[in-house]
Structure formats: structure tokens, C-alpha cells
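What follows is one structure encoded as C-alpha cells, with my remarks underneath.
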Amino acid sequence: MSRDIPQDPPAPAEPLDWSDAPSRDAIQLIAEGVTQLAGFGVAAISAVRDDGKLEVMAVAGSDAAREQLHGVRTPVDRLSRELEKADDWGLLRFVPHERLDHGAGDDWGWVPDIEPIDAEDAWHPLDLLVAPLYDDEGDLRGSLAIDLPHNGRRPGGAQRAVLNQYAEQARRAVLVALERERLAERVRMADAARRIVRTATAQLSLDRIVADSREALVEGFRAAGMWLQTFDREDHGGARGEIYSSDGSHIRLTPELVAIAEAAARRAWEQQQAAVVAPYREFGPSITPEQGELVLAFLAEIGVESLLFTPLGAGPECLGNLVLTRVAGAPEWTEAEAATALDIGHDLGRAILNARIFEREHELVEELQELDSYKGRLIATVAHELKNPLTSIMGHLEMLESSPDLTGTTRTSLNAMDRGAQRMVRVIEDLLLLSKVGDPDDPVIAAPVDLARIVDDVVDLTMVAAGQKQLEVTVELPAEPVFALGDHDELDRVAANLVSNAVKYTHPEGSVRIRLDRAGNDVVLTVADQGIGIGEEDLLRLGTEFFRSSNPEAVAQPGTGLGLAIVRRIVDRHGGRLEIESELGRGSTFQVWLPAADPAG
Ligand code: ADP
């Protein structure tokens with residue numbers, strides 16, 4: 001089904017905004033040449049526009065003629081039908097009024113108010129003299145229409161020759177003007193597209209994409225406004241996409257219009273086509289005539305004349321649509337604009353997809369953070385709840401152990417229970433510490449701490465265990481104090497953990513080296529061993545709670561996998577860093593970098 005296309009009313013008699021000023025001037029001059037030098041009262045030069053209509057671009061002659069003809073648009077077919085009946089006068093075609101198809105619609109733009117003179121070759125007001133202007137491929141690109149001979153007669157041989165020369169000039173001028181217009185438009189479109197790609201693809205939120213590309217789109221397309229609608233992610237269901245308008249306000253559409261837009265966008269994406277909805281055009285294949293009329297009625301309500309409708313998508317998925325609007329009097333949408341809009345639909349589609357992926361990641365991170373904080377709270381609560389009954393158990397054990405009349409087996413059992421309870425106390429204390437040092441609401445109260453003293457003390461405490469394994473322990477400490485900025489007990493815990501691990505995970509008679517250095521504004525504690533080492537994969541997970549290496553030699557040692565997690569959190573909250581180098585079977589080096597309490601500079 002197709003609609004009637006009304007003949008458009010002429011635009012107001014102001015310069016039409018087409019091609020560039022020099023081209024327009026050249027065409028105007030040719031029209032004036034016809035009126036001033038070839039003996040005619042009116043000359044009008046038209047060009048074929050994207051929608052297949054001839055539009056009058058330049059008129060020379062009386063004010064009345066200029067006013068009436070300027071901007072008049074006629075379907076090309078109408079001219080072609082008349083030309084079939086025309087006499088061939090070189091480039092010119094003449095259709096005497098008796099042959100004109102009066103039933104075809106309105107008369108040609110303007111009918112001069114004259115009485116034909118009394119002669120055989122008298123000019124009749126309805127006579128049609130026109131030169132169709134073809135390009136080198138034989139396509140019709142414009143026309144030169146001439147009317148109102150000064151002498152009141154149909155032109156003779158000499159006059160026709162002059163007119164043919166003007167027709168050739170008009171042909172060249174129209175072709176140049178159209179070509180220049182096409183080039184200028186291509187540049188403008190390429191520029192708009194480049195700006196969109198640059199701004200939109202750098203953004204990771206839909207709101208920013210819309211905000212940042214709005215200006216480039218509205219300017220580049222000379223649009224009055226823009227709306228962008230995205231379809232909801234499948235997993236979100238429910239509500240439909242939102243429409244962002246160019247002034248930042250949200251346009252409310254009826255559910256019916258939203259549904260039309262969504263269905264049309266999906267069809268348009270499948271067909272890879274942008275569509276124009278305008279009173280002067282047939283609707284494209286993505287919109288039915290009924291839907292088109294509904295949209296037009298809505299546009300009229302909000303003062304918009306036409307829109308360029310572009311699907312947005314990535315790969316096979318249609319993600320939304322972009323609507324650019326124009327008000328009455330603005331130029332019509334061109335093919336180049338529609339093609340560029342589709343390109344932009346691809347770029348924006350990708351940007352929307354990226355924004356969605358980013359949004360999903362963001363949500364996932366938030367969920368994980370929530371889970372992590374829940375885990376922290378759970379650990380802290382459980383550890384607290386276990387601590388009190390355990391203290392009571394240990395108190396009773398102590399009482400029982402001090403009883404004088406215990407049998408040997410009872411005493412052995414009590415000792416075993418006591419050892420087990422001690423171990424539980426250590427695990428619970430580690431859990432409580434882990435939760436404390438991971439709590440952002442409980443920050444470090446930092447003060448200068450002499451790490452050299454701490455290392456000294458820690459080494460003293462581990463000497464017994466190291467001696468039992470006959471390890472060679474080397475300690476290299478500067479003679480003077482080495483102050484780090486932090487919490488004494490936490491830093492003591494860091495050193496103790498690293499040194500006791502080195503001793504624990506080194507074979508008997510192996511060696512352990514402990515060093516403390518100043519390095520610029522940092523202090524560096526190095527604990528290196530030639531022990532069992534850590535495999536590459538295990539290294540990646542080292543320092544996560546309860547993680548122990550998969551190496552059977554490591555598993556054979558008692559441990560919980562909490563020590564390094566505590567170390568890492570303490571170092572982190574001190575603004576330091578933990579570096580680990582290790583090779584399975586060869587040994588490991590742990591380095592802790594902490595801010596010095598007295599920066600070098
Ligand atoms: P634990 O020693 O209680 O298991 P840690 O958190 O201190 O827990 O260490 C985690 C794991 O890292 C250990 O189980 C061990 O496999 C490995 N590891 C730590 N320090 C060393 C080291 N110096 N040499 C080899 N492996 C180590």
C-alpha cells in the first residue's frame with residue numbers, strides 16, 4: 001500500500017541551503033542570462049534531490065515568478081511523462097499546451113497570466129519548454145525551464161540555438177553544484193562519524209555515551225534533536241528502553257510507539273538500513289504505512305517534521321535505536337546521511353555493548369565485594385563465638401591437670417586435649433587478626449617502628465626451631481635502627497611469619513638469610529631460603545586465606561594457610577608491598593617493602 005504524496009508547498013523565497021554559494025551564484029547567473037539575453041521572461045533551474053524530486057534552485061524573471069517558483073518540488077516522473085510527448089529541439093524539449101497532460105496533477109509551478117497573441121506560432125501560457133539535464137551516465141540530474149518569450153512567439157531556430165547553449169551551461173553548472181554538494185556532505189558526515197567514534201567508544205556508561213555524542217550528532221546531522229533508546233538486557237527483563245532527548249529531558253512515548261520503534265529497529269538492523277519518516281516520503285520497509293502515520297501524528301504533536309531512524313547494534317544483535325529529528329523548513333534527509341547514520345549505529349552499538357559488559361563486570365565486582373565482606377563478618381563472628389567456650393575449656397583442663405590423683409592415661413589424654421585446644425586458640429587468634437587487618441574501618445595507627453629490633457627478636461624466638469633442623473641462619477642488619485612507619489605488633493607479625501615459614505619449609509641443614517635495608521623512602525625486609533620452593537601456579541594464589549601449596553612436602557608441615565594472608569593484608573594496609581620469588585625445589589625469597597618513618601628526602 002502506498003500513500004498519496006502531496007506536492008510540497010514552495011519554500012519561502014530565501015536562498016535555498018544547497019551546495020555552496022559559488023555554485024548557487026553560477027546557476028543563478030545562467031538563469032538570468034536566459035531572461036536578459038535570450039529574450040524570455042522567466043527561467044528556472046532545478047536539480048534532482050535524493051527523494052527523486054526536482055526542486056527549483058534558481059529563478060530569474062519577475063518578482064511574482066520568483067516568489068512562486070522558488071523551491072517548488074515536482075516528482076521526476078511527472079516531467080518524464082511529459083517529455084515522452086515533446087518535440088526534440090536539441091537539448092531542449094517542447095510540449096505544446098494541447099499535448100500537456102492536464103489530468104496529471106497540478107500545472108507546472110507557474111502559469112503566466114498572458115493572453116496568446118493572434119499568430120500561428122503564438123506562445124500559449126501552458127506551453128512547456130524545458131531542457132532536461134542529464135549526467136554522463138544518462139541519469140536525469142536537473143532541468144532548465146523557460147517561459148514567457150518577450151515577443152510572444154514560440155522560439156525560432158536562432159533563439160533555440162542560443163537556448164541550447166544556455167542549457168549546456170546549466171547542465172554543467174548543476175552537475176558541478178551537485179558534485180560539490182555531495183563532497184561537502186561526505187566531509188561533514190565523515191567528520192560527524194569520526195567525532196562519534198572518538199567520544200562514544202571512550203565511554204563506559206550509557207549516559208556518558210549519550211551525553212558525549214549528542215552534540216556531535218546534532219551538529220553533524222544538522223538535526224533539531226536526538227533520541228536514543230536502548231533495549232533492556234535480556235537478563236533484566238521488565239521495563240522497556242529509555243529515550244534520551246537532546247536537551248537531556250526524557251521523552252515519554254506511548255507503549256505503542258515504543259513497541260513500533262523496537263520492532264522497526266530490529267527489522268532495520270536485519271536489513272542494515274536507516275529509515276526516514278517524513279510527510280514527504282514513502283515509509284521504508286521497516287515501518288508499515290499505518291505505523292508511519294501514527295509516528296507522524298506524534299511528531300506533529302511535538303513540533304517535529306521528520307526523523308531519521310537508525311538501528312543500533314553489534315554483530316547480529318540489535319541493541320536500540322537512534323532517532324535524529326528535524327523541524328519544518330530544515331533540509332530533507334539525504335542518502336549520505338542515512339548511510340552515515342547506519343555506520344554510526346554500528347559504532348554506538350559497539351560502545352553500548354562495551355558499556356553493558358563494563359556494567360556487568362561492575363555488578364559482579366560489587367557482588368564479589370559483598371560476598372567478601374560477608375565472609376569477613378562470618379569469620380569474625382565464628383571466631384568470637386568459639387573463643388569464649390574455648391577459654392572455658394582450657395580453664396577447666398588446667399584445673400583437671402593440676403589434680404594430684406590422676407592416672408597416667410588420664411594425664412596423657414588431658415595433655416592431648418590441651419595441645420588440641422592450644423592449636424585451636426592459635427587458629428582462632430589468626431582468624432580474628434585476619435579479620436581485623438582486613439577491616440577498612442579499623443585502620444593502622446602508624447608510628448615509627450624499629451624493624452631492626454623486631455627482626456632481632458623474631459630471630460631469637462625462631463633460633464630453637466632452626467637449631468633443631470641445623471639450619472644456617474644469616475642475619476644482616478644495619479648497625480643503626482631502621483624505622484618503618486606502622487603498627488609495632490602487626491609488623492612484628494609480618495617478620496615472625498616470614499621467618500618461621502622460611503625455617504619451616506627448608507630442609508634440615510639448609511640455609512636461611514634475613515636482611516634489612518634502606519632503599520630510598522622505603523625499608524626492605526628480605527627473608528630468603530633454599531627450601532622446598534613454591535610452584536608457579538601456587539605462587540599466583542599465595543596469600544589468599546587458607547591457601548596452602550599443593551606440594552606434598554609443604555602439606556606435610558603443620559599449618560593453616562592463614563599466615564601469608566595476614567602478612568599480605570598487613571603490608572597492604574601499611575601502604576607497602578610484598579614481593580615473592582620462588583622456584584620449586586630451589587627456595588624462595590620474600591621481600592616486604594614498607595614506607596620508612598624518616599623519608600630520605
Ligand atoms: P601455613 O604455613 O600455615 O600453611 P602460610 O599462609 O604461612 O600458611 O603459607 C601458605 C603456604 O605457602 C604454605 O602452606 C606453604 O605451602 C607456602 N609457603 C609459605 N612460605 C614458604 C616458604 N618459605 N617456602 C615454601 N613454601 C612456602
Side-chain angles (χ1 to χ4, degrees), residues 372 375-376 379 383 419-420 422-438 454-455 458-459 461-466 468-476 489-516 524-574 576-593:
D372 198 50
K375 191 179 72 180
I379 288 177
R419 279 199 307 279
Q422 298 282 359
R423 204 166 125 62
M424 275 168 80
V425 168
R426 279 198 301 277
V427 172
I428 287 171
E429 273 169 0
D430 275 358
L431 286 175
L432 287 172
L433 181 60
L434 182 77
S435 120
K436 175 182 184 295
V437 296
I454 287 183
V455 172
V458 163
V459 171
L461 282 176
T462 38
M463 264 317 169
V464 180
Q468 281 169 352
K469 291 176 84 174
Q470 295 175 317
L471 300 182
E472 186 196 328
V473 180
T474 320
V475 185
E476 298 164 49
D489 290 355
E490 291 186 16
L491 295 183
D492 182 84
R493 192 55 204 259
V494 169
N497 254 311
L498 295 182
V499 173
S500 71
N501 274 351
V503 169
K504 186 160 72 170
Y505 296 110
T506 301
H507 301 296
E509 296 175 22
S511 67
V512 172
R513 195 168 58 90
I514 301 154
R515 259 185 87 101
L516 195 58
V524 189
L525 169 66
T526 308
V527 180
D529 63 58
Q530 291 179 329
I532 61 172
I534 303 158
E536 238 173 90
E537 276 190 22
D538 288 343
L539 257 185
L540 295 175
R541 296 189 51 203
L542 217 60
T544 40
E545 303 94 337
F546 305 107
F547 178 76
R548 308 199 66 208
S549 313
S550 47
N551 177 3
E553 271 189 292
V555 180
Q557 297 293 331
T560 54
L562 286 173
L564 278 185
I566 292 172
V567 167
R568 193 180 280 282
R569 288 196 187 179
I570 293 177
V571 172
D572 277 354
R573 71 201 225 113
H574 275 76
R577 65 179 194 276
L578 174 66
E579 289 180 1
I580 309 170
E581 274 176 31
S582 188
E583 201 180 320
L584 201 59
R586 313 233 32 180
S588 319
T589 302
F590 289 75
Q591 266 195 341
V592 174
W593 295 67

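When a ligand or atom number is given, it counts from 1 through the structure's own listing order.
Contact annotation: for Ile534 versus ligand 1, heavy atoms closer than 4.0 Å belong to the side chain alone. Here Ser588 has side-chain heavy atoms under 4.0 Å from ligand 1, and that is the only part of it that gets that close. Of all the heavy atoms of Gln557, none lies under 4.0 Å from any atom of ligand 1, so neither backbone nor side chain is involved. If you look at Asp529 next to ligand 1, the close heavy atoms, those under 4.0 Å, all belong to the side chain. Contact annotation: for Leu562 versus ligand 1, heavy atoms closer than 4.0 Å belong to the backbone alone.
Numbered from 1 in the order shown, with element, the atoms of ligand 1 that lie under 4.0 Å from a heavy atom of Ala554 read 16 (O). Residue-ligand proximity, Gly533 to ligand 1, at heavy-atom distances under 4.0 Å covers atoms 25 (C). Near Phe547, the atoms of ligand 1 lying under 4.0 angstrom from a non-hydrogen atom of the residue are 10 (C), 11 (C).
Shown are Ile514, Val473, Asp529; of these, the side-chain contact (heavy atoms from CB on, under 4.5 Å) with Val499 is made only by Ile514. For the side-chain contact (heavy atoms from CB on, under 4.5 Å) test with Val437, the passing option among Arg568, His574, Arg573 is Arg573; the others fail.
Counting only heavy atoms of the protein, atom 21 (C) of ligand 1 lies nearest to Tyr505 CD1, 3.4 Å.
Considering Val503, Leu564, Ile532 only, the shortest heavy-atom separation from atom 6 (O) of ligand 1 involves Leu564.
Here's the thing with Leu542: none of its N/O atoms is less than 3.5 angstrom from an N/O atom of ligand 1. Taking any N or O of Gly559, backbone or side chain, none lies under 3.5 Å from an N or O belonging to ligand 1. Between Ser549 and ligand 1, at least one N/O pair is under 3.5 Å apart.
Annotation for Lys469 and Val503: closest pair NZ-O, 2.8 Å, computed over non-hydrogen atoms. Scanning all heavy atoms of the two residues, the minimum distance from Ser549 to Ile534 falls at OG-CG2, 4.2 Å.
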Audit row: Glu581, Thr589, side chain to side chain donor-acceptor pair (under 3.5 Å) steps and yes/no: CA-CA 5 Å; Glu581 274 176 31; Thr589 302; 5.4 Å; no
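Within the 4.5 Å cutoff, the side chain of Glu545 has heavy atoms near those of the Arg569 side chain.
Residue pairs meeting the side chain to side chain donor-acceptor pair (under 3.5 Å) criterion with at least one member in residues 493-504, sequence neighbours excluded: Asp430-Arg493.
The backbone N or O of Phe546 lies less than 3.5 Å from no partner atom in the side chain of Thr560, so there is not a single donor-acceptor pair.
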